[in-house]
Amino acid sequence: MVRPNEEVEALLREYADLVLITGGDAFKARAYEKAARAIGGHHADVSKLDAAGLREIPNVGRSIADKVIQYLQTGRMPAVEDVRSKVPAGVRQLMAIPTLGPRKAMALYEDLHISSVPELLDALHEERLRDLKGFGPKTEENILHGIGLMQAAGDRVPVNVAMDVAEEIVAELSVLSGCESCTYAGSLRRMRETIGDVDVLVAAGRSAPFMDAFTRLPGTAEVIAHGMKKTSIRTTKGLQIDLRVVPPDSWGAGLQYFTGSKAHNIRTREMAVHRKLKLSEYGLFHAESGKKIVSQSEEEIYARLGLPWIPPTLREDRGEIAAGLRGELPALVTEADIRGDLHTHTDLTDGLAPLDEMVEAAARRGLRYYAITDHAPNLSMQRMTDEKVLAQRERVRELDGRHRKMRLLHGTELNIDPDGNVDWPQEFLRDFDLCVASVHSHFHQGRDALTRRLVTACENPEVNIIGHPTTRLLGKRPGLDMDLDVVFAACARTGTALEINAHPDRLDLSDELILRAKRYGVKFAVNTDAHAPLHLAYLRYGVGTAQRGWLTAGDVINTWPLARLRRFLDKKGSAGAPSSS
DNA sequence: GCCGTTTTCGGCCCGACTGTTTTCAGTCG
């Protein structure tokens, strides 16, 4: 069910963690991490590579290539199994708690025999961590806070993980005979940022063949329920998937019902009741006679309720019903509207692929323009220099001449320092086509300082886009504590766009913050922040999030033709004129 | 364990912050 590259990546990451937990060589662990990342981001399917092919992947040498080959041939990696047998799985799980790394996880296991999050919680409540060397009251507080963050995420998975599984299942079921329609519904269809369980819907006359095939899918770990209308499984990764088979005639009603959200469905059912109708997953009926009115398509059902078809990404009871009744639903931005990507990396800094490969991949996706924005020197771990970035610019200009259909922009991702200043003097920045600026450290300055910091960055005439504006990481790190209304107002005033970072671990800004920012007249840029060609495909999640924020193509600067985009980028540099669109 | 070489070892991203410590270990980006 999972791409072999990702399986291998996960195994190598696990090995790296276990090396650290067992006190092994930190450089060895890093070597495995780097190889894991490179394989995860590698364009070719590793299961189709031989040892020589594997070793062409950066950071994969003889030892790791051999282990990967062994795994691909036998399904096992003995080195990982060895070290697994020494450390209970729960100890590694402890490392998922922010601020709890391998050393502390190890200490908890060795000294207190703690090997799971619940055990750790018990120990915390019984104050058993107090006697442990290196664990003070603040550490306790941080661990509790970290566990809270993780539990808030619950068992939900990032949207891309659910999407990959769902699309594979839909593909498998769609080819069975008797399948008239098949798709995923639920929060995944609404493109929520995390997914609790996946709903798959099939329209067919007979349900049994689909239910049976479903329970036999590779990657099924457990069949939770097996019926004629609904079957639920749990995958080996712990994700629950529900399959529902409806008669072809009920397709629209089923899709509407199982797409949700619950709040949206309550509103639509209320509307039905007011019209002396009844709406269920089987159709829209006369309340009294029970006679079916419509059920075949969502459009028919919404129409009979006096509504236009409502895009799934809006179905959250956030005013979409009222807007629909007024005929004022927004024409949401779509993936096809996106003409360019304005935030991407290469292996000149922390990307995985060289410039040429990133550009080729972008061109294959049909983009009309593409910005390369590697990290600037102040993020010192990336080792950027003036010479390197200028050499890159020359190379970008050369490549630009080669692509007829796609123009290349040379930009950079600046680091917003604690005072709101960025890398390089103004005159150096002026020669970039665009500058993204982002916060990468000093997250806990306090609300006032953080607000000032972001406003200062917006006021910099060379800064065009604020990258991943809150710096949140889903399930790991909350967003910066700042006065967003002040920041949004500053963006609107200075013609600085806010990024909607499409990476599934970020989706930053979030849908709700997009809605808030839009009221200030802010413009947005949906960017992938790609570090490998594969990441360019994350665009769909950024677009989904933009849709959930009710954005139209007009709100998103990278849907604009290049000439208009350039005017937006230039306008800021010339005398700080306000943004226009 | 990988990489590069001035090729077979020595360096590996580096700095800052936090909390605990009393000079530093662990974690993070």
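Treat the numbers as computed from the prediction; the structure is a model and nothing was measured. Numbers restart at 1 for each chain; the letters A, B, ... are given by sequence-line order, proteins then strands.
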Ignoring hydrogens and geometry, is there a side-chain-to-backbone donor-acceptor pair from A:D341 to A:T528 under 3.5 Å?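 Side chain of A:D341 to backbone of A:T528, a donor-acceptor pair under 3.5 Å: yes, one is there.
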Under 4.0 Å between a side-chain N/O of A:H442 and OP1 or OP2 of B:dA16, yes or no?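 So the side chain of A:H442 is outside the cut-off, no N or O lying under 4.0 Å from OP1 or OP2 of B:dA16.
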Can you tell me if the side-chain N/O atoms of A:T139 get under 4.0 Å from OP1 or OP2 in B:dT20?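 True: A:T139 side-chain N/O within range (under 4.0 Å) of B:dT20 OP1/OP2.
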Rounded to whole angstrom units, what separation is found between the [atom1] atom of [X] and the [atom2] atom of [N]?
{"X": "A:R30", "N": "B:dC28", "atom1": "CZ", "atom2": "C1'", "value": "12 Å"}
{"X": "A:E141", "N": "B:dG19", "atom1": "CD", "atom2": "C1'", "value": "11 Å"}
{"X": "A:H345", "N": "B:dG29", "atom1": "NE2", "atom2": "P", "value": "16 Å"}
{"X": "A:L379", "N": "B:dC17", "atom1": "CG", "atom2": "C1'", "value": "15 Å"}
{"X": "A:E413", "N": "B:dG29", "atom1": "CD", "atom2": "C1'", "value": "12 Å"}
{"X": "A:H145", "N": "B:dT27", "atom1": "NE2", "atom2": "P", "value": "18 Å"}
{"X": "A:I97", "N": "B:dG26", "atom1": "CD1", "atom2": "C1'", "value": "15 Å"}
{"X": "A:H440", "N": "B:dA16", "atom1": "NE2", "atom2": "P", "value": "17 Å"}

Quick one: classify the glycosidic conformation of B:dT8 as syn or anti, with syn meaning within 90° of 0.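 Classified syn.
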Could you tell me whether A:H444 contacts a base, only the sugar-phosphate backbone, or nothing, with contacts defined as non-hydrogen atoms closer than 4.0 Å?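 No contact.
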Say you pick atom [atom1] in [N] and the same atom in [M]; how far apart are they, in whole Å?
{"N": "B:dG11", "M": "B:dT18", "atom1": "P", "value": "31 Å"}
{"N": "B:dT27", "M": "B:dC13", "atom1": "C1'", "value": "15 Å"}
{"N": "B:dT21", "M": "B:dA16", "atom1": "P", "value": "24 Å"}
{"N": "B:dC28", "M": "B:dT22", "atom1": "C1'", "value": "24 Å"}

Is a donor from one side chain sitting under 3.5 angstrom from an acceptor on the other, for A:D386 and A:W424?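 Indeed, the side chains of A:D386 and A:W424 share at least one donor-acceptor pair under 3.5 Å.
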In this structure, which one of A:H535, A:H503, A:H375 forms a ring-ring contact (aromatic ring centres under 6.0 Å, His included) with A:H345?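 The passing option is A:H375.
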Among B:dG29, B:dT20, B:dG26, which nucleotide has an atom closest to any side-chain atom of A:L473?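 Side chain of A:L473 sits closest to B:dG29.
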Excluding sequence neighbours, so at least two apart, what forms side chain to side chain contact (heavy atoms under 4.5 Å, CB included) with A:Q73?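 For A:Q73 the side chain to side chain contact (heavy atoms under 4.5 Å, CB included) partners, ignoring immediate neighbours, are A:I69.
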Just one of A:L434, A:D400, A:V396 clears the side-chain contact (heavy atoms from CB on, under 4.5 Å) bar with A:H410, so which one?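 The side-chain contact (heavy atoms from CB on, under 4.5 Å) with A:H410 is passed solely by A:V396 among A:L434, A:D400, A:V396.
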